[in-house]
2 protein chains.
Amino acid sequence: MKTTIYDVAKAAGVSITTVSRVINNTGRISEKTRQKVMNVMKEMAYTPNVHAAALTGKRTNMIALVTPDISNPFYGELAKSIEERADELGFQMMICSTDYDPKKETKYFSVLKQKKVDGIIFATGIENHDSMSALEEIASEQIQLAMISQDKALLPMDIVVMDDVRGGYEAAKHLLSLGHTNIACIVGDGSTTGEKNRIKGFRQAMEEADVPIDKSLIVPTRFSLESGKEEAGKLLDRNAPTAIFAFNDVLACAAIQAARIRGIKVPDDLSIIGFDNTILAEMAAPPLTTVAQPIKDMGRSVIELLAEAIEGKRKTKQKIVLPPELMVRHSTSPLKPRAR
Amino acid sequence: MKTTIYDVAKAAGVSITTVSRVINNTGRISEKTRQKVMNVMKEMAYTPNVHAAALTGKRTNMIALVTPDISNPFYGELAKSIEERADELGFQMMICSTDYDPKKETKYFSVLKQKKVDGIIFATGIENHDSMSALEEIASEQIQLAMISQDKALLPMDIVVMDDVRGGYEAAKHLLSLGHTNIACIVGDGSTTGEKNRIKGFRQAMEEADVPIDKSLIVPTRFSLESGKEEAGKLLDRNAPTAIFAFNDVLACAAIQAARIRGIKVPDDLSIIGFDNTILAEMAAPPLTTVAQPIKDMGRSVIELLAEAIEGKRKTKQKIVLPPELMVRHSTSPLKPRAR
DNA sequence: CTGTTAGCGCATTCAC
DNA sequence: GTGAATGCGCTAACAG
């Protein structure tokens, strides 16, 4: 049978209180009995029952990552970086993939409350109204909250984001420096804070360079490969931009494909810059020039903030903004004098 | 404060047993009191404390997915398909990314035991010897085990794999049907059952076609993009295969890049076929012809098997073998008469 | 059909 | 320094 604290206590000739104390390193115990208990625990291969501990109010060491889609490389890489650091800090991670479904979101909040996770990291906005009330209960139960890669927390929580304004700015700047002025943007549905900020940065750079922005060159998509190909295709048929700023690597790949079908050469006839720097950027042909999000750092930062909050080391919420980094590869090139 | 089963019982004017019964749908209760209790629970927004329940031996509804690397699209997509079905079946999923580190593996096994997860799905082989003893304890504690995409279970467990022999066979067959005979294979370190079987299938097809196999055309890699590019490059410099069978999509992309650098056109001068059919296959330029693993089905199948085992519906272990599917895209083409 | 009671394994006052 | 006793919230005999 499973060995309990009683078994250990008996074998060590002490009370369960003493055993509990050496486990949690609380109270005062003589070095001698501590050693004895430790040895017995090792011999019996004793591991405390987490649920019994949780029942008395102890932490569960579980955190949850709420993400729209783990199969998306960006979230996959994010999850990995969080998991790595979480493991080091002694936390296990539950994955909640909402699949952009508000119902699933709400449902998950309910189980997270039940499971008494120590903290939750949102890699998605919280869109659903029903979710909000569930979330408020969660917050009132001492469960710590944090948000990553989004900046629309409706409740007080720690936040880690990248400087999207600067990201958009640098992307535009790069293209401008190569001589491009006829630049299109392939965006998503425009709802996320990230997108809005990227556009803002883009505008800023264009204004500084005194290049007017043609609104017909800003094309929305559903953030998917299919949708990206379609919209990029229409764009290329309609206008003739010499450069495209895609708001993520998937859309950049889509643009490459759309160009390819039309016999437009990247980067010779058309420069394309992506965003995120996921594995796709390396894989693409040609390899993608892209604005890198510091995924690893972002992941580490959130979980560290969250851990601090869980341990009660800090009561004030914090916001960390990390800088983007331009990765120049081979999908962008100087504007050719007689291009298109 | 958190509302407990006592609060509900009091408010409903019944005993906690009755409440427990309606929660778990056990025993016989009059429809009337059941309704009453249900209403009260809803009004009070009561959710049972999972830990208290677990303490009495009830299931935790937690399962764990042990994977080498969730940031790898293949495992990401696998995780997603498992999570989706798990959610439907009422299970939450913990992610354990071992990062190919035996120590982390062992450590995870220990916490999984503590947490009393209902079941564990291995998407990795179990390599570590220390892990084995930990695993045996786990198995002895009623925790159900399953393995996916690998077939080297050291303990009895349910298994879901793809027919890799056939996958290798179909890849070779496809290339042969296009007229290729000078075919190279880019493999990994050769350790997994999947690889061995793919080679086996490849050999089989070649033999049937009476095409001799040149062993120098089988090049090992570390399964990474970098390593793949390097080895593919050496291969192309050294021999001059007209086709390459890469053992996963990452390696296929690597081969495309290596060819590109050398001015070798895909698929005109060189046909390349991948394996897995991850998002990379769609993204690649040209889009990759590849042997699709039925990731979604595989994921669904394991979790369903596991759930059955957890619910005790079946005592005998089962093995499901799913068929691969050839996805013809644009990275392969008929051998040109005067090619290279 | 419903209620009483005794644990599940552990943390935590209080005493000693 | 150490231990006995109590309760965390729930399930499962056992009685009615």
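Quick note: numbers below take in every heavy atom, side chains included, and nothing from hydrogens, waters or symmetry partners. Remember, it's a predicted structure, so these values are computed and weren't measured experimentally. The sequence lines fix the lettering, A, B, ..., with proteins before strands; numbering per chain opens at 1.
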Worksheet item: Hey, does A/L322 have a side-chain heavy atom less than 4.5 Å from the side chain of A/S301?
Response: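 Yes - at least one pair of side-chain heavy atoms lies under 4.5 Å apart.
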Please report, rounded to the nearest Å, how far the [atom2] atom of [N] is from the [atom1] atom of [X].
{"X": "B/H51", "N": "D/dC10", "atom1": "NE2", "atom2": "P", "answer": "12 Å"}
{"X": "A/K36", "N": "D/dG3", "atom1": "NZ", "atom2": "C1'", "answer": "14 Å"}
{"X": "A/E31", "N": "D/dT2", "atom1": "CD", "atom2": "P", "answer": "11 Å"}
{"X": "B/N24", "N": "D/dG9", "atom1": "CG", "atom2": "P", "answer": "17 Å"}
{"X": "A/N25", "N": "C/dT12", "atom1": "CG", "atom2": "P", "answer": "13 Å"}
{"X": "B/Y6", "N": "C/dT5", "atom1": "OH", "atom2": "C1'", "answer": "10 Å"}
{"X": "A/I29", "N": "D/dT2", "atom1": "CD1", "atom2": "P", "answer": "7 Å"}
{"X": "B/I16", "N": "D/dC8", "atom1": "CD1", "atom2": "P", "answer": "12 Å"}

Worksheet item: Closest nucleotide of DNA chain D for B/R21 versus for A/R34: which of these residues is on the 5' side?
Response: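 It is A/R34 whose nearest nucleotide is closer to the 5' end.
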Would you tell me if any nitrogen or oxygen in the side chain of [X] comes within less than 4.0 Å of OP1 or OP2 on [N]?
{"X": "B/T56", "N": "D/dC10", "value": "no"}
{"X": "B/T33", "N": "C/dT2", "value": "yes"}
{"X": "A/T18", "N": "D/dG3", "value": "yes"}
{"X": "A/T17", "N": "D/dG3", "value": "no"}
{"X": "A/S30", "N": "D/dT2", "value": "yes"}

Discussion item. With a 6.0 Å cut-off on the ring centroids, do B/F109 and B/F122 count as close?
Written reply: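 Distance test on ring centres: under 6.0 Å, yes.
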Worksheet entry | Modelled atom types, side-chain donor and acceptor of A/K2 and A/N49, under 3.5 Å | no
Worksheet item: Going by atom types alone, do B/R34 and B/N39 pair a side-chain donor with an acceptor below 3.5 Å?
Response: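 B/R34 vs B/N39: no donor-acceptor pair found between side chains.
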Item to complete: Please report the C-alpha distance between B/D99 and B/K104 in whole Å, then the side-chain angles of each, then the deciding distance to 0.1 Å, and finally whether the salt bridge (charged side-chain N to carboxylate O under 4.0 Å, His left out) criterion is met.
Response: CA-CA 8 Å; B/D99 213 8; B/K104 237 183 136 179; 5.6 Å; no
Worksheet item: Ignoring hydrogens and angles, does a donor from either the side chain of A/T26 or the base of C/dA11 sit under 3.5 Å from an acceptor on the other?
Response: no
Worksheet item: Ignoring hydrogens and angles, are the base of D/dA12 and the side chain of B/S20 linked by a donor-acceptor pair under 3.5 Å?
Response: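 Answer no: no donor N or O sits under 3.5 Å from an acceptor.
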Item to complete: Would you classify A/V19 as touching base, sugar-phosphate or nothing, given that sugar-phosphate means primed atoms plus P, OP1 and OP2, and contacts are heavy atoms under 4.0 Å?
Response: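 Result for A/V19 = nothing.
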